[in-house]
Structure formats: structure tokens, C-alpha cells
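The structure under discussion appears below in the form of C-alpha cells.
Residue numbers begin at 1 in each chain, while the letters A, B, ... track the order of the sequences.
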Amino acid sequence: MFTGDMLLADIVSTSNAVAATRSRKAKVAALAECLGAATRNELPVVTAYLSGSLLQRRTGLGWRSLTALPPPAAEASLTVSEVHEAFERMSRLSGSGSQVARAAEADALFGAATTAEQVWLRAVVTGEVRQGALDSLVQEALAVAAGVPLPAVRRAAMLAGSTVVVAGLAFDGEEALADVGLVVGRPVLPMLASSAGSVEEAMAKLGEPVVVDTKLDGIRIQAHKSGSEVRIATRTLEDITARLPEVAEIVASFPADTLVLDGEAMTVGPDGRPRPFQETASRTATRSAADAVVSPYFFDILHVDGRDLIDVALDQRLAELDRIVPERHRSPRLVTVDTEAAEQFATDVLSAGHEGVVVKGVGLPWEAGRRGSGWIKVKPVHTLDLVVIGIEWGSGRRKGWLSNIHLGARGPDGFVMIGKTFKGMTDQMLAWQTERFTELALTDPHSDWAVQVRPEQVVEIAFDGVQRSTRYPGGVALRFARVVRYRDDKTAAEADTIETVQRFLD
DNA sequence: TTCCGACAGTGGGGTCGCAAT
DNA sequence: ATTGCGACCCCACTATCGGAA
């Protein structure tokens, strides 16, 4: 009765075919063929696996626990369903001795896998399938395989909060997908923002008029209220209601029977100014209602009292938001066509201690996922001239290139490491720095993953801010560091000092 | 023919809980 | 009590494909 069940080997060979081509159309075709071969009850697992993910949120397995694997099987026999069941058992394990039990499960699973299957299994557990296709291309493949329009798949996935749960519906046809609606209590995929260097640039992209919203430095929350019941979800749709009882209580008090709100949760000091992100992160990561209280600040509304507002223009949604949510729980905003007024607002927001602004087109509906959407964030950027004190070999497409640089600020006695970065490098820069830092190497560059170098090369680094660190000796680390350019017009002796970096903390 | 939107890849720092030591 | 790992919070940037202009 198990004949016809899809083999893991089919997933693996599809994944290898997808990885072997750079053409997106060819990737989609390969994915679609595999989706088309799945039975209805296999489809959720197959959909997840083809996008390089598991259905289990946590398995307890990671890179470290998969360093030593049992000998591989000679022939492929594992079915997709068996693999899913094995991960399901692992995800349910907890308590004393669970590591041993989990290791035994992992051993049995990997021992039944061929070499190629072991490679894929390890990659999917660590989130490193790297086949050049994730959820988005799998959605395209679903549309192709089921013969339905891509926008119908995307919209259903947005409203259901997942591609996996709508995969089967795609094969029922366009009407079945269209029947997927917003359900209060079921989180929807969040709308994301692209970024721009200035308010003016953002406004130029959107046309007029715009909403200039305050960008708070906390964590994204989606609140669902149904009667007295409130659920709070994060950006990845993890339910954190139990960790934010004070937020749930506030939402419960809002004058609506059913409600879906989008916003940010953040800790605020007694002076009314926002606290550093690290404090919000600490408070929201734990269940204990400690002294630091998190407050919600909402900036959008997707549903109220039986009415979905997803397709309604932003200005009309904001009118509803203002009607339901008191001002102290909304993020401050300005609606304008005037660039100067918008820039002044952004300046005021920054002096109030906030992260920046998000510029939004007033006429746009709410649309999940799409990076190049109608929301554009603008944040100030700082720069420092630092010294490269080490570098690491890259992986994936950066294999064979020295990639991730260690950054040092000038200290009273040598250079003090304050972070690393791999961002902002072009392929040309990667080639150049591989040669340059091989010359400056203090340790054998080919004997180790990380290479120490003579602190001579100055690099201009952009970053968003400085945070307290227990990892680095100076007690500070850069947030979102990226390379602007290498500077040959400055010597290491002219680099910025650790004191300069530490002053950013105030 | 050129341009640009969308996508995937490559990793960064910090926080916690949990199980093993 | 401490430590290491896994999970998840915040994320920027470049290369590339393929459709739009």
C-alpha cells in the first residue's frame, strides 16, 4: 500500500537539478514536475522540502550535532513521509535524556539515507540547501504544476500565512485559492519594506502623497483579537502571546469585537524615550513579566468587526486605525506631499530617539512579502575608518575567496576587535582582498578557516549603531556593519579609536 | 537594447531556554 | 553553576534572471 509514495531520492534529485541550472524558468520547471508527482497527502511535506525547509519549527538538530554521521545506505529507500515522521518524533522530544534519544533518531534516519540524501538532509536541517530556489520559486512552480495564476497562489499563501497549507488548494483550482480569506486568529504573512538613502528618494519612488511613519526599534507584532481572546504573533508568525501579557491586555481593551493589527512592540524608559533594542529583545524573549514593560505601537489595521481591510488604500485603513486604537498606542506619522515637511518629521523622529522612518504610498493596499513594495524605510547611516585585523574564508559562492573581515578600532595598545562584516563586497573586491590579505597574513592562510593579518589595511565601514557587547574586549559591537570602500589614503595609525566607537553608546 | 524589479545567497550581533557537563 | 547549542529577534548588501520599457 506504500507503493507510489514519493521517495526522498526524488526530492534530492530535483534539488540537485534545480541547483545545477541558473535559469529560473528551468528551476521552476523542475520543481513543478516534482510537485505534480506528489499525492495529495504528501503535498505539504513535498512543498516544504522543495523550498529547502522542514515542516517542524524546531528539531533540536543543528550543524554541530550532525558532524559525525553513520555510514550511508547503498540504495535509496526512504520515503518523504518516513522522513517527515522521523523529524516529527525528534521535534516532540524534550526533557532529560532527550539529546540521547534525538541522536538515536537522527542516527537511524541518516543511516537509512544514501550519501546524496545525507547531504541534503543535513542541509535542510541547517537551512543551507542553497539550490537557488526558496518559497517564492516554489509558489511559481505550484502555479505551473496546478495550472493556476501565480497571483492567486501568492495571495492565498499570504492570507493563510504559509505556502505549504495552500499547496493542495492550488490543485483544486483558482476558485479554491480565492476562497482562502483572512481568518481572525490566523496570522498572515507580514508586509515588508525596501530601503532608500533619503526621504526625498523614497518619496520620488512612491509619487505623492505619502505617509511618513515612525520606525520604532523593537520587534514586529501582529495582534489578533476575537472577543476577549487575543493572540500576538511575530514576523515569522511565531505565537508569543504568553510572553507579552501586557500587550495582549492592551489589545483586549480596544473597542472592536474582531480586530487584526500590525505594529511594533518596544520598551520605553520612564522618560518616555525608547530603550535600546537589546532591552526589548531580552524582555520579549522571556515569559517572566519583569520590570521592563513592553508597549505596543500599531501602524496598520487589516481587519475590524467583520470587515477585511487588506485591499483598502492605506489612508482609509489609517482612518480605521485611528478610530479603534488610542493615539498612545499608535506610531506617530505624518501625511504629506511636501518633501521638506517629510524631512523635518524624520529629523524630529530621530531626535526623539527612534530608528528612522518608513515612507508609504497612501493609495496602496496591504501586500505581504514583496520587498519592492509600497513601504520604504529610511535610516541614518554612520561610518568609521577601521583596520582589518583578520579574515575568514567564504562558503558557497564565496568558496575560495577570503570573505568575512574582522574589524579593529585603534586602542591604546594595539587594535580592539568590534565586529565582523561580509557585506558590501563586490566580486572584484573579494578577488582583491583575497590577494591583499594573503600577503598580510600572520598565520598560514591555507591551514585555517580564520586568518590573522597584519593590521595595516584601512577600510571605511558603514553601520546603523553601536551596541553593548560581552563578546568583544572593548565592550561594544557594530550593528549591521558593511564595507563602503577600502582606503589606501589612510594608514592604520589614522584609523578611528575605540573611544570614538564607545561614544556612540550615549 | 537597456533598465529594473524580484529573488536568492552570504553571512552579522544579540537574546533566551535547555540539556549536558 | 557553567557551557554549548539551537532557535529566533533585529538585519544589508550584491549578483543574477527575465520581463518591462
Side-chain angles (χ1 to χ4, degrees), chain A residues 18-19 21-28 51-52 56-66 93-103 125-140 192-195 205 216-221 234-238 240 243 264-266 276-288 355 369-373 377 379 381 392 394-399 401 403-407 418-430 461-472 476-484:
Chain A
V18 167
T21 175
R22 295 205 303 196
S23 160
R24 283 180 193 163
K25 294 178 119 179
K27 287 178 192 287
V28 168
S51 68
Q56 291 73 20
R57 202 153 183 136
R58 59 189 66 198
T59 60
L61 296 179
W63 186 87
R64 196 74 176 93
S65 46
L66 296 176
L93 285 169
S94 68
S96 182
S98 62
Q99 294 288 58
V100 175
R102 190 160 13 237
V125 166
T126 57
E128 295 173 330
V129 170
R130 290 178 165 90
Q131 58 185 5
L134 293 168
D135 201 45
S136 228
L137 285 202
V138 170
Q139 288 177 337
E140 282 191 41
L192 303 173
S194 58
S195 56
K205 275 189 194 170
L216 304 173
D217 193 9
I219 69 158
R220 183 85 174 265
I221 54 167
T234 65
R235 203 180 89 125
T236 58
L237 312 190
E238 173 98 332
I240 54 165
R243 291 184 238 156
E264 194 88 357
M266 186 178 69
F277 172 75
Q278 283 165 302
E279 282 187 34
T280 297
S282 170
R283 174 58 195 83
T284 55
T286 182
R287 195 175 299 261
S288 65
E355 195 184 9
R370 315 295 289 263
R371 279 270 165 196
S373 69
K377 60 185 161 187
K379 298 189 286 184
V381 176
E392 295 168 15
S395 65
R397 76 177 295 281
R398 291 193 177 188
K399 196 171 168 60
W401 275 336
S403 172
N404 195 6
I405 55 175
H406 297 188
L407 305 168
I418 56 170
K420 307 178 188 179
T421 187
F422 57 90
K423 294 175 185 149
M425 294 155 185
T426 62
D427 286 359
Q428 205 172 15
M429 287 168 78
L430 287 165
I461 296 294
F463 60 100
D464 279 23
V466 171
Q467 42 193 354
R468 293 184 196 284
S469 172
T470 53
R471 174 180 313 213
Y472 293 119
V476 289
L478 300 182
R479 195 169 178 205
F480 310 141
R482 59 267 192 192
V483 171
V484 178

Handout entry: First of A:Glu140 and A:Ala281 reached from the 5' end of DNA chain B, by closest nucleotide
Key = A:Glu140
Handout entry: Any residue meeting salt bridge (charged side-chain N to carboxylate O under 4.0 Å, His left out) with A:Lys423, in chain and number order, not counting sequence neighbours
Key = none
Completion exercise
Walking DNA chain B from its 5' end, the first of A:Gln139 and A:Arg102 to be reached, judged by nearest nucleotide, is A:Gln139
Completion exercise
5'-most contact on DNA chain C (nearest-nucleotide basis), A:Leu66 vs A:Lys379, goes to A:Leu66
Exercise for the section: With sequence neighbours left out, write down each residue that passes side chain to side chain contact (heavy atoms under 4.5 Å, CB included) with A:Ala26, or none if nothing qualifies. Expected result: A:Thr21, A:Ser23
Practice task
For C:dC9, take OP1 and OP2 only and decide whether either is under 4.0 Å from a side-chain N or O of A:Thr236.
Solution key: yes
Completion exercise
In 5'-to-3' order, the base (B), backbone-only (S) or no-contact (-) status of each nucleotide in nucleotides 16-21 of chain C, using a 4.0 angstrom heavy-atom cut-off, is BBSS--
Completion exercise
Across all chains, not counting sequence neighbours, the side chain to side chain contact (heavy atoms under 4.5 Å, CB included) partners of A:Glu355 are A:Lys215, A:Asp217, A:Lys379
Practice task
Quick one: list whatever passes salt bridge (charged side-chain N to carboxylate O under 4.0 Å, His left out) with A:Arg102, sequence neighbours left out.
Solution key: none
Practice task
Name the nucleic acid region contacted by A:Tyr472, choosing base, sugar-phosphate or nothing; use a 4.0 angstrom heavy-atom cut-off, strictly under.
Solution key: sugar-phosphate
Problem - A:Arg58: partners by salt bridge (charged side-chain N to carboxylate O under 4.0 Å, His left out), with sequence neighbours left out - result: A:Glu238
Exercise for the section: Using modelled atom types only, decide if a donor and an acceptor are shared between the side chain of A:Lys377 and the backbone of A:Ser195 within a distance under 3.5 Å. Expected result: no
Handout entry: Phosphate contact (C:dC8 OP1 or OP2) by A:Arg57 side-chain N/O below 4.0 Å
Key = yes
Problem - With sequence neighbours excluded, residues passing salt bridge (charged side-chain N to carboxylate O under 4.0 Å, His left out) with A:Arg471 - result: none
Find every protein N or O atom lying less than 3.5 Å from an N or O atom of nucleotides 1-5 of chain C, and list the pairs.
unit_1, atom_1, unit_2, atom_2, d
C:dC5, OP1, A:Arg64, NE, 2.3

Problem - Partner nucleotide of C:dG6 by Watson-Crick or wobble geometry (both distances under 3.5 Å) - result: B:dC16
Handout entry: With sequence neighbours excluded, residues passing side chain to side chain contact (heavy atoms under 4.5 Å, CB included) with A:Glu392
Key = A:Asn404, A:His406, A:Lys420, A:Trp449, A:Ala450
